Colleague: 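Mind looking over this structure? Questions follow.
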Amino acid sequence: MRRVVRQSKFRHVFGQAAKNDQCYDDIRVSRVTWDSAFCAVNPKYVAIIIEASGGGAFLVLPLHKTGRIDKSYPTVCGHTGPVLDIDWCPHNDQVIASGSEDCTVMVWQIPENGLVTSMSEPVVVLEGHSKRVGIITWHPTARNMLLSAGCDNQIIIWNVGTGEAIITMEDMHPDVIYNVSWNRDGSLICTACKDKSIRVIDPRKGEIIAEKEKAHEGARPMRAIFLANGNILTTGFSRMSERQLALWNVENMEEPMTVNEMDTSNGVLLPFYDPDTNVVYLCGKGDSSIRYFEITDEAPYVHFLNTFASKEPQRGMGYMPKRGLDVNKCEIARFYKLHERKCEPIVMTVPRKSDLFQDDLYPDTAGPDSALEAEEWCEGKNGDPILISLKNGYVPGKNREIKVVKKNVLDHKGPKKTEGLLLLWAPAAGRPAAPHPQYSQKSEAKLEEILKEIKSLKDLVSSQEKRIIKLEEQMSKVAI
């Protein structure tokens, strides 16, 4: 007899929302009209972009800090405009980057046990965009490499260790960039643009190596992400405003490998992909459901698994890396769903009776160690993620402090020139490093003035010391 139902270990995956005491309550989630996730998660913290008067801010909460969040809880608040996107560094659980309407990218080092007071001094400010910065994403395998994309249609790749822009891609996108995704080893990026084109770019050569115009016919925003095997998955809209999911082969972008039409709704579908299990989760902005699909190598390639449905619509969504999951409960994904006033964890579980470690659900996954240094990647080297086993659970190691030593970058290609030098203060014991104030011509003149004053005071002290010695000599003579 022919098997009708396709066999899959993920057929019975079910989602479960956390109980009220496991949620993060009384959070004023950002109301900015921007299609980013507004939330970023790692095995230690959940970061949420919030409403802030007079600038932009986001919360960084330790995962265990559930319940009602006090209004006076410290925030990260250095931006002068609303924060649009945040992303945790995959190689350091204490480092997070943020992009804002104030046209800057900032990199922050969160203290070891979380925030005690509000933080307004970033480790480094990256300036190069002339319009708001809406996309931030770290390189998957090279240390200190950060990509940003702004509404000036530019993509800039930064070396955070030196605070400089290594690659600036200016003329590749004629319109707003909707999203940027790295491939598995970080050698290529794919982008979705408002001109309805999907582009695959080699950033080091500055070349578009594959392009598909009108990947989705609809006018609403698209998303494009790389899969582990090098194919590209896109979400978008048909001409009739039906939401679509499509799969593309980079070698031949003429026709999609498959297109799935889902429903008619105007919420942008944010895809979250697990390269270990080849499961993709689609979270629509404003939807109250999460759909999930399994991707395989044989036609029809995309297999619908199930839908997690809830009552409340989602404002944004955070996705936990694999090393932050509970392997003893067969948890294969965890989402942090943003409501209007709270953040609710949602756990995806494969039902299994055995308490033993399930090797088939947890193949070795990307660990926190970087495969390359930034300089090696710039020289043309590629490195696959360094994998770790989750058999005994993930044990976090000691995080290295991020060091920024800025070179004298006078010939900066961006719209703003970086003047002078950025050094790092030698940090006091137990205190995170902070950037040295940046020199400029004005501050140089001020510095000279201060040095003169110090010299005159030293001279004064020296003359007073001589006077004291003379008086002491006179005293000794009188005593005799």
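Quick caveat, the model's predicted, so the values are computed rather than measured.
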Colleague: Minimum heavy-atom separation for Pro385 and Thr141, please, with both atom names.
Modeller: N-CG2, 3.6 Å
Colleague: Does Glu101 come within less than 4.0 Å of Lys131, counting only side-chain N to carboxylate O?
Modeller: no
Colleague: Flag yes if more than 12 heavy atoms outside Asp355 fall under 6.0 Å of its CG atom; otherwise flag no.
Modeller: no
Colleague: CG of Asp70: more than 12 outside heavy atoms within 6.0 angstrom?
Modeller: yes
Colleague: Walk me through it: do Tyr281 and Tyr292 pass the test ring pair (Phe, Tyr, Trp, His ring centres under 6.0 Å)?
Modeller: CA-CA 4 Å; Tyr281 303 85; Tyr292 36 109; 5.7 Å; yes
Colleague: For Arg28, does the CZ atom sit with more than 12 other heavy atoms under 6.0 Å from it, leaving out its own atoms?
Modeller: no
Colleague: With a 4.0 Å cut-off, would you call Glu112 and Lys44 a salt bridge?
Modeller: yes
Colleague: Between Thr235 and Gln244, is there a side-chain heavy-atom distance shorter than 4.5 Å?
Modeller: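 They are not in side-chain contact.
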Colleague: Determine whether Val124 and Met106 make a side-chain contact, defined as any pair of heavy atoms from C-beta on separated by less than 4.5 Å.
Modeller: no
Colleague: Taking atom CD of Gln16 as the centre, report whether more than 12 heavy atoms of other residues, nucleotides or ligands fall under 6.0 Å from it.
Modeller: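 For Gln16, atom CD is not crowded (no more than 12 foreign heavy atoms under 6.0 Å).
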Colleague: If I compare all heavy atoms of Ala142 with all of His139, which pair ends up nearest, and what's the gap?
Modeller: N-ND1, 3.0 Å
Colleague: Can you name the closest pair of heavy atoms from Asn42 and Leu63 and give their distance?
Modeller: O-CD1, 3.7 Å
Colleague: Report yes if some heavy atom in the side chain of Arg341 is under 4.5 Å from a heavy atom in the side chain of Ile27; otherwise report no.
Modeller: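 The answer is no, as the side chains (C-beta and beyond) never meet within the 4.5 Å cut-off.
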Colleague: Check the orientation of Trp108 and His79. Use parallel for under 30°, tilted for 30 to 60°, and perpendicular for over 60°.
Modeller: perpendicular
Colleague: Verify whether the ring centers belonging to Phe335 and Phe272 lie closer than 6.0 Å.
Modeller: yes
Colleague: Is the shortest side-chain heavy-atom distance between Ile189 and Ser181 below 4.5 Å?
Modeller: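 Ile189 vs Ser181: side chains apart.
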Colleague: Only one of Val46, Ile86, Ile49, Leu59 clears side chain to side chain contact (heavy atoms under 4.5 Å, CB included) with Cys39; which?
Modeller: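 Answer after filtering Val46, Ile86, Ile49, Leu59: Val46.
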Colleague: Give the minimum heavy-atom separation between Ala224 and Thr234, together with the two atoms involved.
Modeller: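 The pair with the smallest heavy-atom distance is CB-CG2, 3.8 Å.
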Colleague: Looking at Arg68 and Asp25, does any basic side-chain N land under 4.0 Å from a carboxylate oxygen?
Modeller: no
Colleague: Using a strict 4.0 Å threshold on nitrogen-to-oxygen distance, state whether Asp364 and Lys322 make a salt bridge.
Modeller: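 Salt bridge between Asp364 and Lys322, a charged N being under 4.0 Å from a carboxylate O: no.
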Colleague: Checking side-chain polar atoms at under 3.5 Å, does Glu170 have a donor or acceptor matched by the opposite partner on Thr168?
Modeller: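 No.
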Colleague: Answer yes or no: does atom NZ of Lys381 have more than 12 heavy-atom neighbours from other residues, nucleotides or ligands under 6.0 Å?
Modeller: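 No.
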Colleague: Salt-bridge test for Asp287 and Lys337: reply yes if a basic N is under 4.0 Å from a carboxylate O, no otherwise.
Modeller: no
